[in-house]
Asker: 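Quick one: structure below, then a few questions.
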Amino acid sequence: MSLHGQYDSDNIFAKIMRGEMPCVKVYEDDNILSFMDVFPQSEGHTLVVPKAPSRNLLETNAKDIGRLFGSVQRIAKAVETALKPDGIVITQFNGAPAGQTVFHTHVHIIPRYEGRALGAHGGGGAMAEMEVLKSLAEKISAAL
Ligand code: 5GP
């Protein structure tokens, strides 16, 4: 998938937002949906997805980017309160050569803990247990 092209409304995040696929939800409003990554790179790996369709940040309008990153900061603060990580990595990939695997714009909030290695990006790791993700999502939601 190149950097530019047709938006595919059957991508996995579009299906999640339409309720056709399940997710472990952290937060939702008119502009964004936030949920747990099912292949977490660390405990508490959370995704923030703007509802407006766009393939990547270069194709997202500036108003939506403003709202998106306002939410990213708010949810990252909730992750900090809930999980007490030692650091938080915020990542965002544009185009397959850059590491993007789902072609609906999204931001990763990845807590980091001293002495714990980071898992592989893009589904390379193990799928998390749903009950574990639900418990993490509840803690993050409660801190929002
Ligand atoms: P990208 O590689 O496009 O930056 O990130 C896509 C992310 O979506 C990856 O971290 C991957 O683990 C995650 N992911 C892929 N499929 C699903 C899914 O069905 N549900 C959830 N919650 N996350 C997914």
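For the single chain, residues carry numbers from 1 onward in sequence order. Values reported hereafter were calculated over all heavy atoms of this structure, with side chains retained and with hydrogens, waters and symmetry mates removed. When a ligand or atom number is given, it counts from 1 through the structure's own listing order.
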Asker: Taking only non-hydrogen atoms of Gln41, do any sit less than 4.0 angstrom from ligand 1?
Answerer: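 The answer is no: ligand 1 sits nowhere under 4.0 Å from a heavy atom of Gln41.
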Asker: Can a donor-acceptor pair be found, under 3.5 Å and without considering hydrogens, that links the side chain of Tyr27 to the backbone of Arg74?
Answerer: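 Judged by distance alone, no pair lies under 3.5 Å.
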Asker: For the 3.5 Å polar cut-off, considering only N or O atoms, please tell me whether Asp37 and ligand 1 meet it.
Answerer: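 Yes.
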Asker: Just which atoms of ligand 1 are under 4.0 Å from any heavy atom in Gly99?
Answerer: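 Counting atoms of ligand 1 from 1, those under 4.0 Å from Gly99 are 2 (O).
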Asker: Geometry only, no angles: is Phe93 polar-contacting ligand 1 at N/O separations under 3.5 Å?
Answerer: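 No - when backbone and side-chain N and O of Phe93 are compared with those of ligand 1, no distance drops under 3.5 Å.
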Asker: Have a look at Asn11, Thr101, Thr105 and point out the one with the heavy atom closest to atom 2 (O) of ligand 1.
Answerer: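 Nearest option to atom 2 (O) of ligand 1, by heavy atoms: Thr101.
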Asker: Which atom pair, heavy atoms only, marks the closest approach of Leu83 to Gly44?
Answerer: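 Nearest pair, atom of Leu83 first, then Gly44: CD1-CA, 3.6 Å.
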Asker: Out of all atoms in ligand 1, which are within 4.0 Å of some heavy atom of Ile12? Include the element for each.
Answerer: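 It comes down to these atoms of ligand 1: 19 (O).
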Asker: Using a 6.0 Å cut-off, check whether atom CD of Glu28 has over 12 heavy atoms from anything other than its own residue.
Answerer: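 Atom CD in Glu28 is crowded, with more than 12 foreign heavy atoms closer than 6.0 Å.
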Asker: May I ask you to list the atoms of ligand 1 that are less than 4.0 angstrom from any heavy atom of Phe39?
Answerer: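 Counting from 1, the qualifying ligand atoms are 12 (O).
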Asker: So for ligand 1, is Phe13 a polar contact partner (N or O within less than 3.5 Å, distance only)?
Answerer: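 Between Phe13 and ligand 1, no N or O pair is found under 3.5 Å apart.
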Asker: Would you say that Ile75 contacts Leu144 through its side chain, given a criterion of any heavy-atom pair below 4.5 Å between the two side chains?
Answerer: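 Heavy-atom side-chain distance check passes, below 4.5 Å.
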Asker: Heavy atoms only: give me the nearest His106-Leu47 pair and the separation to one decimal.
Answerer: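 Reported closest heavy-atom pair: CD2-CD2, 4.3 Å.
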Asker: What heavy-atom pair brings Leu58 and Asn56 nearest, and what distance separates the two atoms?
Answerer: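 What the structure gives for the nearest pair is N-OD1, 3.0 Å.
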Asker: Under 3.5 Å, is there a donor-acceptor pair between the side chain of Ser135 and the main chain of Glu131?
Answerer: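 No.
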Asker: Of the backbone atoms (N, CA, C, O) and the side-chain heavy atoms from C-beta on, which set of His106 has a member under 4.0 Å from an atom of ligand 1: side chain, backbone, both, or neither?
Answerer: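 Within the 4.0 Å criterion, His106 contacts ligand 1 through side-chain atoms alone.
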Asker: Hey, is Phe35 touching ligand 1 through its side chain, its backbone, both or neither, going by heavy atoms under 4.0 Å?
Answerer: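 Side chain only; the backbone of Phe35 stays clear of ligand 1.
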Asker: Going by heavy atoms in the side chains, are Leu33 and Phe13 under 4.5 Å from each other?
Answerer: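 Counting from C-beta outward, Leu33 and Phe13 never come under 4.5 Å.
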Asker: Can you label the angle between the His104 ring and the Tyr7 ring as parallel, tilted or perpendicular, going by 30° and 60°?
Answerer: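 Geometry flag for Tyr7 against His104: perpendicular rings.
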Asker: For Gln100 and ligand 1, does the shortest N/O to N/O distance drop below 3.5 Å?
Answerer: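 Such a contact does not occur with ligand 1.
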Asker: Looking only at heavy atoms, is any part of His121 under 4.0 Å from ligand 1, and if so is it the side chain, the backbone, or both, or is it neither?
Answerer: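 For His121, only side-chain atoms sit under 4.0 Å from ligand 1.
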Asker: Could you tell me if any non-hydrogen atom of His108 lies under 4.0 Å from any atom of ligand 1?
Answerer: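 Yes, His108 has a heavy atom closer than 4.0 Å to ligand 1.
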